[in-house]
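Just below is one structure, and these are the notes that go with it.
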Amino acid sequence: MKKVIIQALKGYKWKIVLQLTLIAINIYLLTIPARIIGEIVDNLYNMEANKQAILTNTYYLIGICIVLLLVRLGWKYLEVYISRGFEKDIKAKLFERFLKLKVKEIQNIKNGEIMSYFVKDTNEIRSAVYRIFSHGSRIVFTFIIAIFQMAQGVNIYLTLATLCPILLATFLIIKIKKYVEISFKKAQDKFTQMSEYIQESTDSIRTTKAYSCEGSQLKTFILKNRQVRQCDNTVDIYSNLLTTCIDICFGLCYAIAFIYGSKLVLDGIITVGELIAFNGYIALFVGPVSWLPTLIARFKRAQISYQRLDKVFALEREKITVRKINIKEKLEGKIEIKNLNFHYPDMIDKALDNINIEIKKGETLGIIGTIGSGKTTLMNLLTRLYSIPNGKIKIDGRDINEIDIETLRENICYITQDNFLFSSTLKDNISLFKDEYKEDEIKESTQKAVIYEEIKQMPEGIKTQIGERGGDLSGGQKQRVVISRAFLKNSSIIIFDDTFSALDNRTAGELLENIKELTKDKTCIIISNKISDVKQSDKIIVLNNGSIVERGNHTELIEKQGTYYEFYKQQATKAESTLLS
């Protein structure tokens with residue numbers, strides 16, 4: 001995370017230097033009006049003799065105010081430009097990191113927590129960087145420039161006496177800041193829990209309405225919202241306590257300045273104008289010192305957010321081997337799996353046990369089995385979503401771990417069972433936002449997927465905008481839109497993972513015929529719980545509890561009268577009962 005922040009700031013280094021320069025100029029210019037006003041006050045004792053000097057100082061004061069305005073506009077513009085640009089870059093790096101994380105790492109992070117990373121944590125870090133460069137530098141420059149003007153231009157002893165309450169304020173800030181950190185961390189955790197609950201509730205809104213659970217959901221949300229409010233109130237209490245301490249200390253500064261300063265005036269050591277100028281210098285400290293509690297609180301918040309994001313950036317990424325190969329390299333599609341065993345992280349039981357499969361180019365493999373038998377796990381390993389030992393899976397005779405990930409996945413079209421659709425147009429969902437496909441190619445892919453006629457009936461055809469996760473489409477329509485990708489993408493290996501479950505028999509039959517034509521010179525894997533989906537495959541394996549219990553073609557497996565035959569009988573009986581009812 002440290003490298004990410006440094007890299008993001010490097011892109012703005014000259015703008016940061018210019019901003020700090022303008023802030024230093026701004027602080028110096030702010031000390032001039034106090035001195036000018038002091039001189040005008042001293043000249044008022046003999047107004048007639050000093051009339052021209054008073055007018056000159058007045059014009060000078062107006063000129064300084066105009067220059068101050070221009071300087072302030074400049075560094076304020078840079079301040080916003082740098083902070084928002086920095087936030088954009090951090091979010092881009094965070095999003096890129098999430099895309100490259102291994103599946104085993106990201107699947108344990110809840111959606112609400114992810115949103116908290118992108119919204120709250122990145123904003124806290126941006127806010128801290130913004131305040132360090134803006135408020136922090138102004139505090140430093142104010143102390144250096146204003147104290148020099150006070151000591152050199154008025155009186156050093158009066159300056160030292162006036163600074164004592166500021167040292168007291170600094171001590172109190174150090175004492176109270178740890179409570180700010182503890183209370184904010186608790187508030188951050190409660191906010192994350194509420195975000196996760198909101199995300200989960202919106203995802204399950206249909207189930208909630210179907211079972212009339214709105215009341216209980218609302219009660220739980222009110223409780224979590226109340227906890228967030230209580231924690232935020234605690235943070236505000238400590239923050240306000242710091243602000244109050246600052247205000248009291250500044251009151252003491254002014255008291256010392258007036259009491260001790262008046263004595264110095266009476267003793268003739270300083271003039272009335274110089275005392276007024278001195279109080280003007282004190283006013284310059286009010287803003288910077290009052291920012292200290294906020295700056296410390298923000299820094300502590302950012303520290304917590306930094307630690308949270310640092311854990312994300314420390315998660316294991318997919319290892320992409322840098323090779324001098326073309327990313328568009330074509331694989332033939334011959335697959336060999338030998339003695340493959342696999343269990344998920346933190347799980348003892350094997351998800352796959354001694355799997356041995358060979359699929360030649362142009363062959364279709366059907367995989368059938370009950371839920372949890374390891375069908376999808378096997379495909380996740382084939383696409384390297386999880387790490388496997390060397391030598392267990394080979395494609396075209398090459399170890400899968402030696403094939404660049406982009407090359408591997410470019411040659412595999414994996415139609416997953418979740419049928420995920422983006423909140424975009426049908427065209428974008430089919431082409432997956434790639435501009436390399438022509439409209440005629442997309443149209444042909446929808447025709448092969450038996451969805452073209454239904455798309456034509458939609459308001460804007462292929463450019464129709466669909467809702468989140470394809471909520472505007474039926475289950476069968478979503479499946480066929482997703483399957484269109486297989487007809488569009490020119491891949492050597494095509495995998496259909498339970499992607500026909502929502503289709504009627506007639507549509508599924510037509511679609512399977514088109515798939516057969518598509519895959520006649522490609523390697524195809526069809527995963528399903530339905531015999532009708534896999535019976536035309538060249539080879540069929542039956543998985544049970546992670547092991548291959550049967551293998552052969554449809555006819556051979558029927559003749560064996562084993563597990564596959566039991567599936568066949570159950571589905572045939574169900575089909576007959578459906579026809580009779």
Side-chain angles (χ1 to χ4, degrees), residues 88 91-92 95-96 98-99 111 114-115 118-119 198-210 328 409-491 494-519 522 524 526 528 533:
K88 171 187 70 69
K91 286 181 177 179
F95 186 72
E96 181 183 356
F98 269 110
L99 290 179
N111 289 339
I114 291 175
M115 292 309 299
F118 277 95
V119 177
I198 293 172
Q199 182 72 39
E200 189 177 75
S201 298
T202 52
D203 286 345
S204 62
I205 190 67
R206 294 186 179 182
T207 304
T208 300
K209 289 183 176 296
K328 295 292 185 180
R409 294 175 183 170
E410 186 69 27
N411 282 272
I412 296 177
C413 180
Y414 185 13
I415 309 298
T416 59
Q417 58 184 317
D418 60 0
N419 301 316
F420 186 88
L421 294 175
F422 297 92
S423 300
S424 186
T425 64
L426 287 167
K427 179 183 177 181
D428 289 337
N429 273 285
I430 295 170
S431 65
L432 290 177
F433 303 94
K434 294 181 179 179
D435 299 326
E436 60 191 73
Y437 302 113
K438 298 178 182 177
E439 296 227 359
D440 290 342
E441 292 176 321
I442 296 174
K443 176 183 175 181
E444 184 180 357
S445 72
T446 59
Q447 289 173 333
K448 296 290 186 182
V450 200
I451 189 65
Y452 174 71
E453 294 300 327
E454 292 169 59
I455 291 177
K456 270 205 320 183
Q457 304 301 320
M458 295 181 184
E460 297 180 54
I462 198 70
K463 295 183 180 179
T464 299
Q465 192 88 13
I466 60 175
E468 186 177 2
R469 293 180 176 268
D472 302 335
L473 306 177
S474 67
Q477 287 174 327
K478 284 193 286 186
Q479 283 190 337
R480 283 174 286 158
V481 168
V482 172
I483 291 170
S484 298
R485 298 168 185 168
F487 292 97
L488 188 63
K489 186 179 180 184
N490 184 23
S491 303
I494 303 176
I495 302 170
F496 298 96
D497 188 353
D498 197 23
T499 48
F500 314 115
S501 57
L503 304 180
D504 59 77
N505 291 334
R506 183 188 63 80
T507 304
E510 184 180 351
L511 186 54
L512 285 169
E513 285 298 320
N514 293 338
I515 289 172
K516 187 176 181 180
E517 177 66 23
L518 169 70
T519 59
K522 301 175 185 291
C524 181
I526 298 177
S528 180
D533 293 341

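In this chain, residues are counted from 1 in sequence order. The model shown is predicted, which means the values in this text are computed figures rather than measured ones.
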Derivation of the side chain to side chain contact (heavy atoms under 4.5 Å, CB included) call for K448 and L511: CA-CA 7 Å; K448 296 290 186 182; L511 186 54; over 6 Å; no
Between [atom1] of [X] and [atom2] of [Y], what distance do you get to the nearest 0.5 Å?
X    : Y    : atom1 : atom2 : result
T446 : E444 : OG1   : CD    : 9.0 Å
L426 : E460 : CG    : CD    : 10.0 Å
Q457 : Y452 : CD    : OH    : 10.0 Å
T519 : L512 : OG1   : CG    : 9.5 Å

With a 4.5 Å cut-off on side-chain heavy atoms, are [Y] and [X] touching?
X    : Y    : value
I430 : V481 : yes
S528 : F496 : no
N411 : S491 : no
I412 : I495 : yes
Q447 : E453 : no

Salt bridge (charged side-chain N to carboxylate O under 4.0 Å, His left out) partners for E441, two or more places apart: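 Expected list: none.
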Over 12 non-hydrogen atoms of neighbours within 6.0 angstrom of NZ in K443: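 Count not over threshold, so no.
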Atom NZ of K522: over 12 foreign heavy atoms under 6.0 Å: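 Above 12, so yes.
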CA sep, side-chain torsions, deciding dist, call: I515, F487, side chain to side chain contact (heavy atoms under 4.5 Å, CB included): CA-CA 8 Å; I515 289 172; F487 292 97; 3.8 Å; yes
CA sep, side-chain torsions, deciding dist, call: R485, I415, side chain to side chain contact (heavy atoms under 4.5 Å, CB included): CA-CA 8 Å; R485 298 168 185 168; I415 309 298; 4.2 Å; yes
Taking every non-hydrogen atom, the tightest pair across I462 and T425: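 Result for this residue pair: O-CB, 4.2 Å.
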Nearest heavy-atom neighbours spanning S445 and I442: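 Between these two residues, the closest heavy atoms are OG-O, 2.6 Å.
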Side-chain donor or acceptor of R480 paired with backbone N/O of V450 under 3.5 Å: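 Answer holds: yes.
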Among Q477, K478, K456, side chain to side chain contact (heavy atoms under 4.5 Å, CB included) partner for I451: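 That would be Q477; it is the only one of Q477, K478, K456 passing the side chain to side chain contact (heavy atoms under 4.5 Å, CB included) with I451.
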I455 vs T464, side chain to side chain contact (heavy atoms under 4.5 Å, CB included): CA-CA, chis, key distance, verdict: CA-CA 8 Å; I455 291 177; T464 299; 5.9 Å; no
Lys/Arg N to Asp/Glu carboxylate O, E439 vs K427, below 4.0 Å: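 The answer is yes: the pair qualifies as a salt bridge.
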